[in-house]
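Written below as structure tokens is the structure these notes are about.
Quick caveat, the model's predicted, so the values are computed rather than measured. Throughout, residue positions are numbered sequentially from 1 according to the sequence presented.
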Amino acid sequence: MRSLFALLRNRTAAFVHDLLMVPVAWFGALWLRFNLETIPEPYWKRALLLLPLALLIHAAMFLYFGLYRGMWRFASMPDFVCILKAVLAAVAGSTAMVFITTDMQDVPRSIFVLHGLLLLLLLGLPRFTYRWIKDHPLYFKTGQRVLIVGAGQAGEMLVRDLSRNSEGEYHPVAFVDDDARKRGTEVRGVRVVDSCDAIPRVVAKHRIDHIFIAIPTATTEQLRRIVSACEASGKPFRTLPRWRDLLDGQAGVQALREVSIEDLLGREPVSLDWATIGRELSGRTVLVSGGGGSIGSELCRQVAGLEPQTLIILERSEFNLYQIDMELRERFPQLNLHARLGDVCDPALVEHVMAEFRPEVVFHAAAYKHVPLLEVQAREAVRNNLFGTVNMAEAAVRHGCRTFVLISTDKAVNPSNVMGASKQLAELYCQDCSRRGDTRFVIVRFGNVLGSAGSVVPLFHKQIAAGGPVTVTHPEVSRYFMTIPEAAQLILQAGAVGEGGEIYVLDMGEPINIHYLAEQMIRLSGKVPGKDIAIRFTGLRPGEKLHEELFHDGEDLMPTPYPKLLLARHRGVDWRHFRDSLERLHGACERYQEETLRTLTMQVVAELERGEAGSAQSAYG
């Protein structure tokens, strides 16, 4: 109720203001007509008598053209057009009425033109002056001095939002931009003073307190360079999200956030063939195993948005299953969702779920992935990663599944550990299945995923928050990284276009040095590596490589029509020998022969690597 009264009060005040401007313009026009000298008495009296009629006509036109629907605080060109229409109509109406009632006796004809011009000025100028004052409190208030990086659309929107901030917490002082054509120009009164590389110098010269990065279209390489310059300045800095991540498309102060390591390690947005993916998944029954994990849960989110007929989530962690189930039911209330608690290593459970829902598409993301833990628990690695895949794949074939997508890892390439070896054997099993049935088996292989459970990034965050040290295994160790959404989307693309038997390798870009990653995360936390937070090298752990690989030397790596999606056709394999090896591995699992299992797993993989178990025959023949 109070806000309603305030609104009525504001509109009444504006209406009264405009009516008061009518006599000012009316007599001002008459005064101008007589060259700012004394107005002759007949003309003065006639103007005074006609004033009530003019006020009535003007009031009617002001109301008719909606001059009080908008607020002065947000006066804009459409408001000016309304004022112009109202003034023209009022002047025309006044002219007609004066002509009818007085036959223009003692009324100079020029007064109507002068009156209209004056009234337009008296109605428009106060509105736009009021808005300018509201939009530019920096001329009247003080606050933290801000340097804005990027004088484009986002930078302009950010300055406008900062200027409207009634608290005046931030004061935009200058822009920097790499576009030389913008140098020396002004954006909403704020000058573009230099390039992004000059940030430290500009900060010192203009006594900057904060740096705001307003380039939502910046590439990762550009952002790294800008962040490096910001770090060199010693001042705190924040950034706007990329355009695709701005929820309302408005680059305002509320959207500013800390720069994350994902910003510096991410790549350009994935370009996907969503039409093909939609045709493959829309209206179909889709099952995601390991659907509560980092990749599995993101796959569930992406699939849910493509309107499948049914989505089944199979997950062994009760808490993870609860979380993704609740999230999807809230975000997609119309989704036909079934959450099933269970282990892919349980053949009876897998058979029951497959028989109940008969999924057309299966994304098999359930796997153990922690290399050092699995190195001393070979049975669990082989049982889950290999024979869990066997259970899922066999059931998928029995129940007529259309497509089976195995999510693999770069550690399956030339594996030096049990985890990688178990995933390589799972890849080979799926390729063997693709030869023997109608189900399309597609394998997708990629490296580390930023922010996934057990990855190095959350570990570094925790160590930095505790004051260090940050532990890195080796100064030269490197890994491939991609974001969780990017990995999930490329998995969907591979599953949609795969014809069966292929290994799709996600283009991970350049590998990232883990020492560099640790240093960047420390700097982003506002600390200095080696001074505030120590970095300690601990040595490679059992089974770890210095550098990972994405494909074997013998694999025929080929491009696909889809950027970041490569095709690797595997080498020929003696499938009878391979199946005999699986029988021996399964027996060792059943008898819990841990040491035998570890030795046998690495032996089988070594034979495959040397080609001793292979043949010249094609994997498809």
Side-chain angles (χ1 to χ4, degrees), residues 74-77 128 131-165 168-260 263-264 266-269 524:
F74 304 107
S76 59
M77 187 54 64
F128 288 96
R131 173 173 176 171
W132 184 87
I133 292 172
K134 283 291 186 180
D135 282 357
H136 296 78
L138 58 95
Y139 291 100
F140 309 98
K141 301 178 181 179
T142 59
Q144 297 287 308
R145 297 172 66 83
V146 171
L147 172 66
I148 298 178
V149 182
Q153 179 184 357
E156 185 272 337
M157 293 170 68
L158 184 56
V159 169
R160 182 171 57 191
D161 193 55
L162 290 172
S163 301
R164 287 175 175 174
N165 189 340
E169 182 180 357
Y170 297 110
H171 173 187
V173 172
F175 277 103
V176 291
D177 197 290
D178 285 333
D179 188 346
R181 294 170 299 179
K182 295 179 181 178
R183 216 71 49 78
T185 62
E186 290 188 356
V187 177
R188 291 193 167 267
V190 180
R191 185 174 291 273
V192 182
V193 296
D194 216 320
S195 68
C196 297
D197 292 330
I199 287 174
R201 184 169 65 250
V202 173
V203 165
K205 179 180 178 180
H206 293 274
R207 306 186 312 280
I208 299 298
D209 299 309
H210 292 274
I211 304 170
F212 292 162
I213 303 171
I215 314 180
T217 57
T219 65
T220 301
E221 191 60 37
Q222 289 172 329
L223 190 57
R224 286 183 189 175
R225 180 171 59 85
I226 292 168
V227 166
S228 179
C230 292
E231 290 171 343
S233 74
K235 296 297 180 181
F237 56 92
R238 302 172 75 187
T239 185
L240 289 172
R242 299 185 186 275
W243 282 124
R244 65 181 184 271
D245 298 324
L246 284 169
L247 298 179
D248 58 359
Q250 296 300 308
V253 67
Q254 297 299 323
L256 288 165
R257 58 167 174 77
E258 301 293 333
V259 176
S260 69
D263 293 322
L264 302 184
R267 280 97 54 75
E268 297 310 297
L524 289 177

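Between Cys230 and Phe237, the shortest heavy-atom contact is CB-CD2, 3.6 Å. The two residues Ala229 and Cys196 make their nearest non-hydrogen contact at CB-O, 3.8 Å. Closest non-hydrogen pair, Pro216 versus Ala154, comes out as CD-CB, 3.4 Å. Heavy atoms only, all atoms of each residue included: Lys182 and Ala151 are closest at NZ-O, 3.5 Å.
A donor-acceptor contact shorter than 3.5 Å is absent between the side chain of Arg238 and the backbone of Glu258. A donor-acceptor pair under 3.5 Å is absent between the side-chain atoms of Arg207 and the main chain of Arg145, judged by distance alone.
For Arg225 and Asp178, the salt-bridge test passes: some basic side-chain N is under 4.0 Å from an acidic carboxylate O.
Of the residues listed (Val190, Val173, Ile199), the one engaging Leu147 in a side chain to side chain contact (heavy atoms under 4.5 Å, CB included) is Ile199, and it is the only one. No option in Leu223, Asp177, Val176 other than Val176 meets the side chain to side chain contact (heavy atoms under 4.5 Å, CB included) test with Val149.
The CG atom of Asp161 sits 10.5 Å away from the CD atom of Glu156 when rounded to the nearest 0.5 Å. With rounding to the nearest 0.5 Å, the separation of CZ in Arg183 from CZ in Arg191 is 12.5 Å. Interatomic distance, CD1 of Ile148 versus CZ of Phe175, reported as 4.5 Å (0.5 Å rounding).
Looking at Ser233 and Ile208, their side chains never come closer than 4.5 Å, going by heavy atoms from C-beta outward. Counting only heavy atoms from C-beta outward, the side chains of Arg160 and Arg188 approach each other to under 4.5 Å. The side-chain heavy atoms of Ile226 and Thr239, taken from C-beta on, include no pair separated by under 4.5 Å. Between His171 and Gln144, every side-chain heavy-atom pair lies at or beyond the 4.5 Å cut-off. The closest side-chain heavy-atom distance from Leu524 to Glu231 is below 4.5 Å.
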